[in-house]
Amino acid sequence: MSLANLRTHYTSQINPEELGDQKVTVAGWVHEVRDLGGICFVVLRDREGRAQITLVKKKTDPELLEKARKLVRESVVSITGTVKPEAKAPNGYELIPDEINLINESASPLPMDTTGKVEAELDTRLDSRFIDLRRERTTAIFRIRHEVLRAVRNFLTDNGFIETSSPKVVATATEGGTSLFPITYFDREAFLNQSPQLFKQILMSGGLDRVFEIGPIFRAEEHDTRRHLNEATSIDIEASFCDHFDVMEILEEMVTYIYEQIIEKSSDSLAALGVELKVPALPFKRVTYDEAIEIVNANTDEMLNWGDDLGTAAEHTIGEHVFKETGESHYFIIDWPTEIKPFYAMPYEDNPILSKGFDMMHRTMELSSGAQRIHIPELLVSRIESQGLDPEGFEFYLKAFRYGMPPHAGWGIGCERLVMTMLGVENIRDVVLFPRDRRRLSP
RNA sequence: GUCCGAAUAGUGUAGAGGCCUAUCAUGGAGCCCUGUCGAGGCUCCGACCCGGGUUCGAAUCCCGGUUCGGGCGCCA
């Protein structure tokens, strides 16, 4: 038996002028039942919206009316009825039912409210994500995330990038720095990959020229903040015959394109979230590392020395400073000391204590980091060594540099941070369906 | 990891040693109600995180634990 007869239309597809007096079947969840005595309203919710089913006591089969009154909220139903244009009804129509098919009754009470009357805490919502997703606000976030990723794919594809995938199970640490999750790979130890970095660089040696990847990254850091996850989604690119400034332009253009696309395609979701988006102005301000240090030292009690990394407080100070000056949330920090950037960041030829690494910042947090990469094998080996790492562990990677590696550059941007900063969401877990953090491993 | 804070019906909350037989909202059960759209009215149901301690008496104070939230660190 086909289930196609359970639904002919989404609620949003019912146009009362076109479908007036016609029979339709809608399927979804019982959002609410409002029984006024002589008249009873059932609100059915599907992914696209809601429909009001109206049963007038005097005109309805008593059995059907009783069935409607007894519906348990959040049960799955399929309802067939006649579309009746009605100015008093939400969306300008209501459905006069012939048949109410109770497909799966919900248990009661619900783990949380779905109507927006009583807020639930994030932890409660994540424990019952399936119910949380039945709330308009939550769905809106994930609809927008989908459009963000679609915009990324469109933009990068249109700019000559090929979508690739790199392994998530790897033999060795990719970059040093962060801790990795060890796993068992048959009889060997392996790790979950922290970044596609080394693999996308190898693809440059392979001549793919411009690649991108959207995929999971794993970090075993025991961080405990509103903007960190142990499993995140990274959007990465790598491009040959480019320097860091070239890929910074690609990055800022991509970000503005995404904002434009979300405004165009997701106005309903933005409205549900109460967010009014402003497209960032191009080009993003370039702040040098030296200027960043000065801003922090001039505006706070903190005294940073040249060579120090920028902490959370420093990032906020610089972000607020740039925002005051430009009215923009996005900016770059460039010309970082080589020593505090990863080994693969290219030092400036004429001043090797500075690197061609950059960070792309939002007022509130770091969104992306990138660099022109070292393409010269000898230099790469000496940088690996000077960061206290063993080049032998990187042989699979270094090999690709000895047989014709073009100069190249790239970046990675955190998908969740991009979405949360765009929507003004305060906790990164809000923009992940099933977040993995220091404590949460289920659901 | 560390510092600060919190934990009360399914959900969100009030509560400052006896006023607690624990507040309110939402929810659930039931009744009334013909235009609701956070419907309204009435009745009922449902909770003090765990373990010690102080006290005549603890939801309330103290100690330990657990869990959650926030800041910082680590990191992107």
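Order of the sequence lines fixes the chain letters, A, B, ..., with proteins taken first and strands second; residue numbering starts at 1 for each chain. Computed from a prediction, not measured in an experiment: that's the story for all the values here. When reading the values below, keep in mind they use all heavy atoms of this one structure, side chains included, and skip hydrogens, waters and symmetry mates.
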In whole Å, what is the span from the [atom1] atom of [X] to the [atom2] atom of [N]?
| X | N | atom1 | atom2 | answer |
| --- | --- | --- | --- | --- |
| Arg226(A) | G69(B) | CZ | P | 12 Å |
| Asp35(A) | G35(B) | CG | P | 12 Å |
| Leu122(A) | U11(B) | CG | C1' | 15 Å |
| Phe130(A) | U11(B) | CZ | C1' | 13 Å |
| Phe41(A) | G40(B) | CZ | P | 14 Å |
| Leu180(A) | C74(B) | CG | C1' | 14 Å |
| Asp123(A) | C68(B) | CG | C1' | 6 Å |
| Tyr93(A) | C37(B) | OH | C1' | 14 Å |

(Q) Which label fits Tyr289(A) and Trp336(A): parallel for a plane angle under 30°, tilted from 30 to 60°, or perpendicular past 60°? (A)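 Ring orientation, 0 to 90° scale: tilted.
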Q: Taking atom types as modelled, find out whether Tyr344(A) and Gln201(A) have a side-chain donor-acceptor pair closer than 3.5 angstrom.
A: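 Distance-only check fails for Tyr344(A) and Gln201(A).
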**Q.** 5'-most by nearest nucleotide on RNA chain B - Glu222(A) or Ile217(A)
**A.**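 Here Glu222(A) is the residue nearer the 5' end.
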Q.
On RNA chain B, does the nearest nucleotide to Ala313(A) precede the nearest nucleotide to Lys58(A) from the 5' side, or the other way round? Give the residue.
A.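 Closer to the 5' end of RNA chain B: Lys58(A).
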(Q) Taking the basic N atoms (NZ, or NE/NH1/NH2) and the acidic carboxylate oxygens, is any pair closer than 4.0 Å for Arg143(A) and Asp268(A)? (A) no
Ring-ring centroid check [X] [Y], cutoff 6.0 Å:
| X | Y | answer |
| --- | --- | --- |
| Phe394(A) | Phe343(A) | yes |
| Phe323(A) | His316(A) | no |
| Phe332(A) | Phe358(A) | yes |

(Q) Check this for me: does the side-chain of His223(A) come within 3.5 Å of the base of C75(B) through a donor and an acceptor? (A) no
Q | Donor-acceptor pair (no angle test) under 3.5 Å: Gln52(A) side chain, U36(B) base | A |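 Result: at least one qualifying N/O pair found.
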Can you tell which of [options] lies closest to the side chain of [X]?
| X | options | answer |
| --- | --- | --- |
| Lys117(A) | A39(B), C68(B), U34(B) | A39(B) |
| Ser108(A) | C75(B), G28(B), G69(B) | G28(B) |
| Thr312(A) | G71(B), G28(B), C72(B) | C72(B) |
| Thr225(A) | C75(B), G73(B), U34(B) | G73(B) |

Q: Tell me which residues in residues 435-443 of chain A put a heavy atom below 4.0 Å from RNA chain B, sorted by number, or none.
A: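 Output list: Arg438(A), Arg439(A).
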Q: Only one of Glu32(A), Glu136(A), His31(A) passes side-chain hydrogen bond (donor to acceptor under 3.5 Å, both in side chains) with Arg45(A); say which it is.
A: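 One option only clears the test, and that one is His31(A).
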